Amino acid sequence: MRILMVSMPSLHFFRWTDQLKDAGHEVFWFDITGAGEIASSIYWVHQKVDWRLKYDYPGRYSLKMKFPKLYRWLQQYNEKDTAMAFEKYLQEVRPDAVHSFALYVSCTPIVEVMQRHKNIKWIYSSWGSDLFYFQDKANYLYDIKRVLNRVDCLFTDCKRDYEIAKQHGFLGQFLGVFPGGGGFDMQLMEKFKLPIEQRKIILIKGFQGRSGRAIPVLKAIISLKERLSHFDIVVFGTDLEAFNYINSSELLHWENFKAMGKIAHKDVIKLMGQALIYIGNSNSDGIPNTLLEAIIMNCYPIQSNPGGATSEILTDGVNGLLINDCENIDSISNSILRALMMDFNKVIEFNTIKFYCILDRHRMKLEIHKLLKLV
């Protein structure tokens with residue numbers, strides 16, 4: 001089968017696509033941003049990147065940095081139309097199927113093109129907040145319905161989003177629930193795990209912004225200062241809003257506290273292999289890949305539960321703890337205290353039995369290959 005992937009350049013997309021290597025398909029990628037570079041991690045894929053600019057004139061980067069308003073004005077005349085560029089590539093490739101990753105990034109910009117080419121199968125992989133968050137916004141809901149009425153096949157990262165998709169007009173073939181980046185390399189991750197008795201890190205995902213809710217977790221940490229004095233508190237992926245809070249709080253002066261911005265994925269895995277507890281908090285998401293990675297790395301997970309998605313993975317008090325109100329500082333504090341009293345080895349045993357096999361990259365790769373034969 002000839003498959004045309006449509007996505008922004010991202011780790012999740014590259015990991016998913018690499019599962020198709022040596023599966024007998026001819027795979028193409030249309031970088032929807034049009035400003036990326038050839039991705040070496042999927043070198044075997046035909047890649048349409050860096051297509052957006054009509055003219056890459058001398059001094060463009062300097063103009064962008066020094067005169068951003070003028071640059072943005074010029075760009076409206078210097079950028080190619082996404083739908084036109086995609087349709088041209090679609091006609092060049094003549095795929096059997098188009099596979100889009102994330103609705104607003106990679107479906108909405110090309111929906112009119114796909115409506116004109118209904119003979120081509122359209123697969124959509126929903127990510128994170130694609131459906132759950134945006135369904136409550138009228139302008140976005142219009143686009144959700146347009147896409148779902150055209151899409152032939154659907155992958156989701158949680159059962160919740162399949163139900164939402166059906167509510168908004170999806171009548172096609174459901175291909176199943178899979179992590180956004182596909183399966184995980186268990187053998188590679190195993191070497192980064194420390195024994196539980198050697199772990200003293202409480203690891204926190206530092207996103208605030210639109211959906212992240214790191215700041216309520218940080219406030220909960222402050223309220224537990226004495227109780228957590230023997231732990232190292234580490235925040236990763238800290239965004240500007242969270243950094244601003246930290247810099248104005250007492251956390252800035254704690255010797256056992258450290259906040260980092262965006263770090264390499266491998267470094268996140270290493271941190272998880274040293275962490276006793278992992279905390280992720282947001283007001284909207286599917287099943288976070290970081291939650292699954294924390295489970296694999298034998299962290300005790302505390303995770304928000306928007307729309308009931310996380311409860312598909314975690315049973316509160318059994319193999320982790322659920323944050324049901326992402327803004328409630330007292331509730332988050334209590335969850336941390338509850339976690340400290342848990343039998344970590346029992347939780348690890350439970351999660352190992354339940355998830356290791358189903359999340360294994362090699363097993364999942366074979367399952368995806370079988371599903372694509374049904375498209």
Side-chain angles (χ1 to χ4, degrees), residues 7-16 41 101-102 105 127-130 133 157 179-182 184 189 192-193 199-222 228 231-249 251-252 254 256-306 309-310 313-314 320-321 323 326-327 329 332 335-336 339:
S7 176
M8 62 182 176
S10 74
L11 175 64
H12 295 332
F13 167 69
F14 296 145
R15 285 169 55 186
W16 179 281
S41 61
F101 296 79
V105 175
W127 280 357
S129 296
D130 260 10
Y133 180 85
D157 62 14
F184 300 91
M189 297 170 78
F192 296 119
K193 295 180 185 178
R199 301 188 186 201
K200 54 180 291 189
I201 291 175
I202 296 176
L203 186 63
I204 302 167
K205 191 170 184 178
F207 290 2
Q208 183 65 25
R210 187 199 73 205
S211 292
R213 289 297 178 267
I215 290 176
V217 177
L218 296 173
K219 290 180 178 179
I221 292 294
I222 290 174
L228 302 180
F231 293 92
D232 292 325
I233 315 298
V234 179
V235 186
F236 73 95
T238 315
D239 59 21
L240 181 60
E241 194 171 348
F243 265 127
N244 286 340
Y245 172 76
I246 290 166
N247 290 336
S248 64
S249 76
L251 291 171
L252 189 64
W254 285 21
N256 65 330
F257 180 87
K258 180 180 180 180
M260 301 174 283
K262 186 176 180 180
I263 59 176
H265 181 253
K266 186 176 180 179
D267 292 329
V268 174
I269 298 302
K270 286 180 178 179
L271 276 172
M272 287 181 171
Q274 301 167 22
L276 187 65
I277 295 170
Y278 166 76
I279 308 172
N281 193 34
S282 69
N283 68 9
S284 177
D285 207 341
I287 300 294
N289 280 277
T290 44
L291 167 63
L292 298 178
E293 288 164 344
I295 288 172
I296 293 168
M297 296 306 293
N298 294 345
C299 298
Y300 188 90
I302 304 174
Q303 180 71 50
S304 51
N305 187 35
T310 305
I313 298 292
L314 297 184
L321 292 171
I323 298 172
C326 64
E327 303 284 1
I329 297 164
I332 295 169
S335 292
I336 296 170

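We use all heavy atoms of the structure for the numbers below, so side chains are in, but hydrogens, waters and symmetry mates are not. Bear in mind the structure is a predicted one, so any value in this text is a computation, not a measurement.
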Could you measure the distance from the CE atom of Met260 to the CD1 atom of Ile263? Nearest 0.5 Å is fine. 4.5 Å

Interatomic spacing from CD1 in Ile201 to NZ in Lys258 - rounded to 0.5 Å: 9.0 Å

Identify the heavy atoms of Ser335 and Leu321 that sit nearest to each other, and give their distance. O-CD1, 3.1 Å

Counterpart residues, side-chain contact (heavy atoms from CB on, under 4.5 Å), relative to Phe101 (two or more places apart): Met5, Ser7, Phe13, Trp16, His99, Ser125, Trp127

Distance-only criterion, 3.5 Å: show the donor-acceptor pairs between side-chain atoms of residues 269-280 and protein atoms not counting sequence neighbours.
unit_1 : atom_1 : unit_2 : atom_2 : d
Tyr278 : OH     : Thr290 : OG1    : 3.2

I need the full list of salt bridge (Lys or Arg N to Asp or Glu O under 4.0 Å) pairs touching residues 275-304, with sequence neighbours left out, sorted by first then second residue. Arg15-Glu293

When rounded to the nearest 0.5 angstrom, what is the spacing between CG in Leu291 and CD1 in Ile287? 7.0 Å

Arg199 to Tyr300 six-membered ring, cation-pi geometry met (6.0 Å, 45°): no

Non-neighbouring partners of Asp157 that pass side chain to side chain donor-acceptor pair (under 3.5 Å), sequence neighbours left out: none

Hey, does Arg210 have a side-chain heavy atom less than 4.5 Å from the side chain of Ser129? yes

If you look at every heavy atom in Gly286 and Ala309, which pair is closest and at what distance? O-CB, 3.8 Å

Could I get the full list of side-chain contact (heavy atoms from CB on, under 4.5 Å) partners for Lys219, not counting sequence neighbours? Ile215, Tyr245, Ile329

Under the side-chain contact (heavy atoms from CB on, under 4.5 Å) test, residues paired with Asn281 that sit two or more places apart: Arg213, Pro216, Val217, Ser304, Ile323, Cys326, Ile332

Does Asn256 reach the main-chain N or O of Phe231 with its side chain, forming a donor-acceptor pair under 3.5 Å? yes

Enumerate the residue pairs fulfilling ring pair (Phe, Tyr, Trp, His ring centres under 6.0 Å) with a member in residues 256-275, sequence neighbours excluded, ordered by first and then second residue. none

Considering residues at least two apart in sequence or located in another chain, which fulfil the side chain to side chain donor-acceptor pair (under 3.5 Å) criterion with Asn283? Ser211

For atom CZ of Phe184, is the number of surrounding heavy atoms from other residues, nucleotides or ligands below 6.0 Å larger than 12? yes

Set of residues satisfying side-chain contact (heavy atoms from CB on, under 4.5 Å) with respect to Asn305, sequence neighbours excluded: Thr310, Ser311, Leu322, Asn324

Side chain to side chain donor-acceptor pair (under 3.5 Å) against Asp130, all qualifying residues, sequence neighbours excluded: Tyr124

Might you point out which heavy atoms bring Ala214 and Lys205 nearest each other, and give the distance in Å? CB-O, 3.6 Å

Looking at every non-hydrogen atom in both residues, tell me the closest pair between Ser284 and Tyr133 and how far apart they are. OG-CB, 3.1 Å

Residue pair Ile221 / Ile204, side-chain heavy-atom distance below 4.5 Å: yes

Please name all residues satisfying ring pair (Phe, Tyr, Trp, His ring centres under 6.0 Å) with Phe14, sequence neighbours left out, ordered by chain then number. Trp29

Grab the two heavy atoms, one from Ala259 and one from Ile246, that are nearest each other, plus how far apart they are. CB-CD1, 3.7 Å

How far does CE of Met8 sit from OG of Ser10, to the nearest 0.5 angstrom? 4.5 Å

For Gln208, enumerate each residue passing the side chain to side chain donor-acceptor pair (under 3.5 Å) test, keeping only those at least two apart in sequence or located in another chain. none

Is any side-chain heavy atom of Ile202 less than 4.5 Å from a side-chain heavy atom of Val234? no

Scanning both residues in full, the closest heavy-atom pair of Ile302 with Ala339 reads CD1-CB, 3.8 Å

